[in-house]
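Quick notes on the structure that follows.
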Amino acid sequence: MSQYIQDQKKIRLLLELRRAGVTDTRVLSAIERVPRDQFVPDTFRDQAWENRPLPIGKGQTISQPEVVALMTQALQVSDRHKVLEIGTGSGYQAAVLSYLCRRLYTIERHKVLLEEAETRFRALKLTNIVTRWGDGTLGWPEQAPFDRILVTAAARSRPETLLAQLSDQGGIMITPMGADAWEQAVWRFTRTKDGLQEEMLWPVRFVPLIPEPGQQ
Ligand code: SAM
């Protein structure tokens, strides 16, 4: 695909995101900066700037740009924040967050996906991303509390272990949640000293968050 066509597709995608309600210019410019075509397998490269999820191997997907942008906006990330992402996948969402936060911790259960994502982070010189291979439902207790937590796979029920690792100084966690694929929604949890507030934001469909046997 020529650079001209790719640029045109990128402009069209950014307009689509604005129409979908993404108004935060920091989020839009992070989406513009991260080369999504480098986060998908070669066979899908010409579709990388379209507003759709794409397969990345191991039965997993890179999420639709609109979903990435809306969830990132809902997370209200600043450059002072320490952020935890569960479900590195291709590394695309992590790359977007890395431009917006101080340090990003990200966990993936498929080793091969994580290694591919790490190669992309190195190539793009994203030095504020720290990775872990393992079960993200356990969080990253040694680094807790986190100012922000973003889960990019659908939990069946409230992920209490992760909520316990959220800062009580206005910490925000965004997660898709639902008992089955047809009943999922994106939820926002906000923790303060006074307790936990929860809001259902919009319906969505995500691959499941899979705890390792014996966990949760
Ligand atoms: N954020 C990813 C991206 O930008 O490409 C997309 C994530 S994909 C929709 C969901 C990811 O969550 C998959 O890569 C999947 O393997 C991972 N996942 C599911 N359950 C997990 C768990 N318990 N721990 C860590 N990763 C998990």
Side-chain angles (χ1 to χ4, degrees), residues 13 17 27 30-31 33-41 44-45 47-75 77 83-101 104-121 124 126 129-141 143 146 148-163 165 173-178 181 184-186 204-216:
L13 175 65
L17 299 185
V27 174
I31 296 273
R33 272 177 89 178
V34 178
R36 192 168 186 257
D37 46 286
Q38 292 181 30
F39 288 79
V40 298
F44 295 107
R45 214 152 257 196
Q47 297 173 51
W49 290 97
E50 290 171 19
N51 192 12
R52 58 168 78 164
L54 292 167
I56 54 170
K58 295 283 168 197
Q60 304 302 318
T61 52
I62 176 173
S63 304
Q64 186 184 1
E66 184 174 315
V67 172
V68 171
L70 286 170
M71 285 174 72
T72 306
Q73 180 169 266
L75 200 61
V77 186
V83 182
L84 173 66
E85 181 202 26
I86 308 302
T88 317
S90 68
Y92 177 71
Q93 171 78 75
V96 169
L97 287 169
S98 78
Y99 283 125
L100 299 169
C101 72
L104 179 80
Y105 296 82
T106 182
I107 308 176
E108 170 58 50
R109 64 189 287 273
H110 286 296
K111 194 168 195 182
V112 56
L113 294 182
L114 188 67
E115 286 171 352
E116 287 171 5
E118 286 168 342
T119 304
R120 294 174 181 127
F121 301 152
L124 294 170
L126 302 176
I129 302 180
V130 189
T131 60
R132 173 178 273 188
W133 173 46
D135 179 5
T137 64
L138 304 176
W140 200 315
Q143 289 296 339
F146 294 94
R148 299 289 184 262
I149 300 178
L150 180 63
V151 187
T152 69
R156 288 185 69 81
S157 57
R158 230 166 80 151
E160 301 294 349
T161 307
L162 295 177
L163 282 170
Q165 294 178 25
M173 174 163 109
I174 299 286
T175 180
M177 202 166 75
Q184 292 174 6
V186 173
V204 80
R205 276 193 77 182
F206 260 91
V207 294
L209 182 68
I210 302 174
E212 298 303 327
Q215 309 296 341
Q216 295 195 336

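Just the heavy atoms: all of them, side chains too, but no hydrogens, waters or symmetry mates, feed the values below. Atoms within a ligand are numbered from 1 in the order they appear, just like the ligands themselves.
- Heavy atoms of H110 found under 4.0 angstrom from ligand 1 belong exclusively to the side chain.
- Across all their heavy atoms, L124 and Q38 have their closest contact at CD2-OE1, 3.8 Å.
- Residue-level proximity to ligand 1 for A94 is absent, since no heavy atom of it falls below 4.0 angstrom.
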Should Y92 and L54 be marked as a side-chain contact (heavy atoms from CB on, under 4.5 Å) after you check the CA-CA gap, both sets of side-chain angles, and the distance that decides it?
-> CA-CA 12 Å; Y92 177 71; L54 292 167; over 6 Å; no
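- Heavy atoms of V68 stay at 4.0 angstrom or farther from ligand 1.
- Of all heavy-atom pairs between A95 and L126, the closest is CB-CD1, 3.6 Å.
- Rounding to the nearest 0.5 Å gives a distance of 7.0 Å between CG of L84 and CD of Q165.
- In the vicinity of Q93, heavy-atom distances shorter than 4.0 Å reach the ligand 1 atoms 1 (N), 4 (O).
- Counting the atoms of ligand 1 from 1 in the order shown, those under 4.0 Å from a heavy atom of T61 are 6 (C), 7 (C), 8 (S), 9 (C).
- When non-hydrogen atoms are compared, ligand 1 lies under 4.0 Å from neither the backbone nor the side chain of K58.
- In summary, the atoms of ligand 1 found under 4.0 Å from a heavy atom of S90, numbered by their order in the structure, are 3 (C), 4 (O), 5 (O).
- With rounding to the nearest 0.5 Å, the separation of CH2 in W133 from OG1 in T88 is 13.0 Å.
- Taking a cut-off of under 4.0 Å to the non-hydrogen atoms of I107, the atoms of ligand 1 that pass are 25 (C), 26 (N).
- The two atoms that bring V207 and G59 nearest to each other are CG1-O, 4.4 Å, heavy atoms only.
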Residues V67, F206; criterion side-chain contact (heavy atoms from CB on, under 4.5 Å); working and verdict = CA-CA 10 Å; V67 172; F206 260 91; 3.6 Å; yes
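- Contact atoms of ligand 1 toward E85: 1 (N) (distance under 4.0 Å to a heavy atom of the residue).
- Nearest heavy-atom pair, T137 versus T161, reported as atom, atom and distance to 0.1 Å: O-CB, 3.5 Å.
- Remark: ligand 1 atoms within the under-4.0 Å shell around heavy atoms of Y92 are 4 (O).
- In plain terms, the two heavy atoms of V186 and I174 that are nearest each other are CG1-CG2, 3.6 Å.
- Ligand-side atoms of ligand 1 in range of G134: 24 (N), 25 (C), range being under 4.0 angstrom from any heavy atom.
- When heavy-atom distances to ligand 1 are checked against a 4.0 Å cut-off, V207 comes that close only through its side chain, counted from C-beta outward.
- With Q64, R109, Q60 as candidates, the residue nearest to atom 26 (N) of ligand 1 on a non-hydrogen basis is R109.
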